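The residues of the chain are indexed from 1 along the displayed sequence. The structure presented is a predicted model; accordingly, all values stated were derived computationally and were not measured.
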Amino acid sequence: MQLESEDAFARWDDERYSTQIDRFDEQHKRLFGLLNDLHTAMDEGHSQDEIGDILRELERYTEYHFGDEEEFMQDCGYAMDCADCFYDHREMHEEFASTVGDFRERHEDGEYVTMEVLTFLRDWLDSHIAAGDEDQRYGEYYQTDVDETYEYTPGTLRQRRRSESPPETTDDQPTTTVSVEEAVLDGGELSVPAGPIASWFEQVATTHGDRVATVEHGGDERTERSFESLYERATTVAGGLLETELTPGDRLAIDLESNGESLLFDLASHLAGLVSVPLYPSFDDEQLRSIVTTADIDGFASPDDPPSAVERAVDVVVDTEPLPASSQRSLPGLNRRGTDLATIVYQVPADDEPTGVALTHRNLRAAIAALSDALPLDPGATGTALLPVAHVYQRVGAYYLWDAGATVAYTDQASSVEALPALGPEVLIGVPKLYQQLYGELQDRIGTFGWAKRKVAGSVTGYGRDVIDGSGTPLKYAAAERLAYRPLRQAFGLDDLTYALSSTGRLDDHLLDFFHGLGVPLCELSGTVETSAVGTINGPDDFERDSVGEALPGVTVGLSADSDVLIDGPTVMDGYCDDPEATERAVHDGWFRIDDGSVEGSDLGLQE
C-alpha cells in the first residue's frame with residue numbers, strides 16, 4: 001500500500017521504513033494510515049464520535065501489531081540473540097501504546113487534543129521504524145541469521161509457553177469437594193439418543209448418503225467425499241485396525257497431522273470399538289511417553305516411527321502411511337454402550353505430565369444434541385474445521401455439522417484465513433486466536449482503501465458497539481454496508497455465515513465490536529474439555545456483553561457456596577483418566593467445578 005497523497009501527514013517510504021518482511025511492513029503501513037485518518041478528521045473538523053472511533057481503532061491495532069511483532073522476535077530467536085535490543089524495543093512499544101491510550105482517554109474526557117500530540121506520534125513511529133533502526137534490526141536479523149525454512153506462525157510461542165511454564169503447586173493442597181449453593185442458568189431438557197458414536201455415524205451416513213461430508217482444500221485442489229463414501233472408507237480402516245492385535249476397548253493413540261485423514265481415523269477407531277486418543281502435534285517425546293504410560297495406551301498410530309520409549313510402552317504400532325485397510329463383516333463399535341469410554345482428550349499441556357479427560361459416547365452424543373438444538377442448520381451447509389483433531393471442540397464441532405448433513409471443510413491451518421473465500425462457509429468454528437488473526441488481515445485490507453472508503457470502514461467498531469449495547473445503528477450504516485462491509489465480508493469468505501462460533505476463551509471487546517459492526521454473527525461458546533466443550537452460548541441473535549449468555553440444552557450452571565462456577569448435565573465427563581483423586585476434587589454428584597478462570601460468577605445470571 002502506498003498512501004494516496006505525497007503531502008499526506010504520515011507518508012510511507014519503502015526505502016526508509018521497510019523491514020523486508022511483508023507482514024510487518026503491511027502492519028506499519030496500517031498504523032501510518034490510521035494516523036492520516038486521524039489527522040484528516042481533526043483537520044477537517046469531523047465529529048467527536050468519528051475522531052473517537054479512529055482513536056480507539058488506533059489503540060487496538062497498536063496493541064495487535066506490537067504483540068505480533070514481539071512474538072515474532074521471540075519465536076525466530078532474535079530476542080535471545082539480541083536480548084538488550086529486544087527489551088529496549090519492548091519498552092518503546094509500551095511507551096507508544098501508553099501515549100495512544102492517554103490520547104484516547106483525554107479525548108473521551110472532553111479535553112481538546114492538539115495537533116502537536118499527533119505530530120509526536122508520527123515522529124515516534126518515524127524514529128522507531130527508521131531513524132533508530134529498531135525495526136530494521138530484527139528485519140536484518142531475519143534476512144541473515146534465520147534459517148530459510150523457518151515460518152512464523154502466530155500463537156505457537158504462547159502455546160509452547162504454556163507447556164514450558166507449569167503453575168506453582170504445593171504438595172499439601174487439601175482435597176476439596178463441591179457443593180451446590182444455587183442454580184443460576186438452566187438450559188432445559190435434552191434428549192440424548194442411546195448408543196455409541198459408531199451407530200450415530202452409521203445413521204448419519206444412511207440419512208445423508210450422497211451429500212458431501214468432507215471437503216479438503218489445498219492450493220488449487222479440492223477433494224470431496226460423500227457421507228456414504230466416508231462411512232465405507234472408515235469401515236475399511238476399522239477392519240485394518242482389527243487385523244492388528246488391537247481388540248475392542250483398547251486405547252489407541254493417534255499421532256496424525258490435523259486434516260481429513262485424522263478425523264477419518266478417529267471415526268474408524270470408534271467403528272472398531274477402540275478408545276480414540278488423538279494427540280497434539282506439539283507434544284514432545286517426553287509428553288508422548290508420559291501419556292502412553294499413565295493412560296495405559298495399547299496402540300500408537302503414526303506415519304512416522306514413534307520414539308523408542310513410546311514403542312516399548314505399547315503393544316501395537318500402527319503405520320498410517322498408507323492407512324490400514326481390510327474388509328470387515330462386523331463392526332464391534334456398533335455394539336458399544338453409551339456409558340463406555342469413547343475418547344481420552346488431552347489439552348495442550350500446562351505441565352510435563354498432561355492429564356487426560358475421559359469422555360463417554362453419551363458425553364459426545366449429548367454435546368452433538370445440545371449444539372444441534374441451539375444452532376439449527378440446514379443439510380448441505382458448509383462449516384470449517386480449523387483446529388487440531390486432538391481438540392475436543394473441533395471434533396464436537398465436526399460431529400455437530402455432520403449431524404445436520406452439513407459439510408466439514410478442511411484446509412491447511414497455516415493458510416486457513418486465505419482459504420475462507422474458496423470455502424464460503426455458513427459456519428465458522430474457531431478460537432479467539434483465529435478471530436484476532438482475521439481482525440489483523442481485515443484491518444490491513446482496510447488500510448489499502450482510499451480516504452473516503454477508509455473513513456466509512458473506520459466506523460465499524462462504533463457501529464458494532466451500538467449493535468451489542470442495543471442502541472441500534474444510524475441510517476448511514478446502510479451506506480457503509482454497501483460500500484465497505486459487504487465487500488469486505490465477500491472478499492474474506494464471511495458473507496454467507498449463519499454462525500461464527502468462538503470457544504476456549506473470552507473474546508476481547510474490540511473483536512466483538514469489530515465483527516458485529518462488520519455484520520459477522522459472532523457468538524461465544526463457553527465450555528471446557530471436561531464438559532465436552534459444551535456449557536453456555538452467548539448469541540448469535542441476542543449477544544450480551546460481559547455475559548456467558550444462556551445455558552445450552554441439557555446444561556445447568558450453578559454456584560457453590562464459595563462462588564465457584566459449576567456445570568451439570570450429560571456432557572460432564574466421568575472423570576480424569578486413571579486419576580481418581582483429581583476427579584474427586586473436580587466432580588461431585590455430577591457437578592463439575594470450573595477452576596480455570598474461563599468463567600466467573602459475575603458472568604452469570606444475566607440472561608436467566
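Looking at T40 and K455, their side chains never come closer than 4.5 Å, going by heavy atoms from C-beta outward. Contact of the F514 side chain with the V520 side chain is not registered, since no non-hydrogen atoms from C-beta on lie closer than 4.5 Å. Contact of the T382 side chain with the D496 side chain is not registered, since no non-hydrogen atoms from C-beta on lie closer than 4.5 Å. Using a 4.5 Å cut-off on side-chain heavy atoms (C-beta onward), Y463 and H516 make no contact. Between Y499 and P376 the shortest side-chain heavy-atom distance falls below 4.5 Å. Between L401 and T407 there is no side-chain heavy-atom pair separated by less than 4.5 Å. A heavy-atom distance below 4.5 Å is not found between the side chains of Y399 and V204. The closest side-chain heavy-atom distance from W12 to H28 is below 4.5 Å.
Listed for the E57 side chain is no donor-acceptor partner under 3.5 Å among the backbone atoms of T461. One N or O on the side chain of S532 and one on the backbone of T571 form a donor-acceptor pair closer than 3.5 Å. In this structure, N36 contributes its side chain and A10 its backbone to a donor-acceptor pair below 3.5 Å. Side chain of N363 to backbone of P570: a donor-acceptor contact under 3.5 angstrom is found. A donor-acceptor pair under 3.5 Å is absent between the side-chain atoms of N538 and the main chain of E524, judged by distance alone. With hydrogens and angles ignored, the 3.5 Å screen pairs no side-chain donor or acceptor of Q394 with any backbone N or O of A390. Side-chain N or O atoms of R489 include one that pairs as donor or acceptor with a backbone N or O of L518 at under 3.5 Å. Under a 3.5 Å cut-off, the side chain of T531 and the backbone N or O of T528 do form a donor-acceptor pair. Judged purely by atom type and a 3.5 angstrom limit, S262 has no side-chain atom pairing as donor or acceptor with the backbone of V389.
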(request) Just do the side chain to side chain contact (heavy atoms under 4.5 Å, CB included) check on F24 and Y152 with the steps written out, would you? (result) CA-CA 12 Å; F24 298 115; Y152 170 53; 4.3 Å; yes
(message) Between V456 and F449, is the side chain to side chain contact (heavy atoms under 4.5 Å, CB included) condition met? List the steps.
(response) CA-CA 10 Å; V456 170; F449 292 169; over 6 Å; no
(message) Is there a ring-ring contact (aromatic ring centres under 6.0 Å, His included) between Y485 and Y477? Walk through the geometry before answering.
(response) CA-CA 9 Å; Y485 303 159; Y477 180 83; 5.5 Å; yes
(message) Assess the residue pair H89 and E69 against the criterion (side-chain hydrogen bond (donor to acceptor under 3.5 Å, both in side chains)); give the C-alpha distance rounded to whole Å, side-chain angles, the decisive distance to 0.1 Å, and a yes or no.
(response) CA-CA 10 Å; H89 199 114; E69 193 175 63; 3.3 Å; yes
(request) For the pair H510 and Y64, evaluate ring-ring contact (aromatic ring centres under 6.0 Å, His included) and give the outcome as yes or no after the intermediate values. (result) CA-CA 11 Å; H510 79 273; Y64 160 74; 8.4 Å; no
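Residues D403 and W200 bring a donor and an acceptor atom of their side chains to less than 3.5 Å of each other. Judged purely by distance below 3.5 Å, without hydrogens or angles, the side chains of D444 and Y61 pair a donor atom with an acceptor atom. There is no side-chain donor-acceptor pair under 3.5 Å between H65 and H93.
Checked against side chain to side chain contact (heavy atoms under 4.5 Å, CB included), A381 has the following partners two or more places apart in sequence or in another chain: L377, A406, E426.
Annotation: cation-pi pair R122/F9 present, NZ/CZ under 6.0 Å from the ring centroid and within 45° of its normal.
Between A533 and V392, the closest heavy-atom pair is CB-CG1, 4.0 Å. In terms of heavy atoms, L501 sits closest to C523 at CD2-SG, 3.2 Å. Shown here for L488 and R445, the closest heavy-atom pair between the two residues is CD2-CG, 3.8 Å.
For R545 and D469, the salt-bridge test passes: some basic side-chain N is under 4.0 Å from an acidic carboxylate O. With respect to the salt-bridge test (charged N to carboxylate O, under 4.0 angstrom), the residues E108 and R104 qualify. Under 4.0 Å is where a charged nitrogen must lie from a carboxylate oxygen, and between R60 and D508 no such pair does. We find that D25 and K29 are not joined by a salt bridge, their nearest charged nitrogen and carboxylate oxygen being 4.0 Å or further apart. Under 4.0 Å is where a charged nitrogen must lie from a carboxylate oxygen, and between R465 and D53 at least one such pair does.
Within 6.0 Å of the CG atom in D109, the count of heavy atoms belonging to other residues, nucleotides or ligands exceeds 12.
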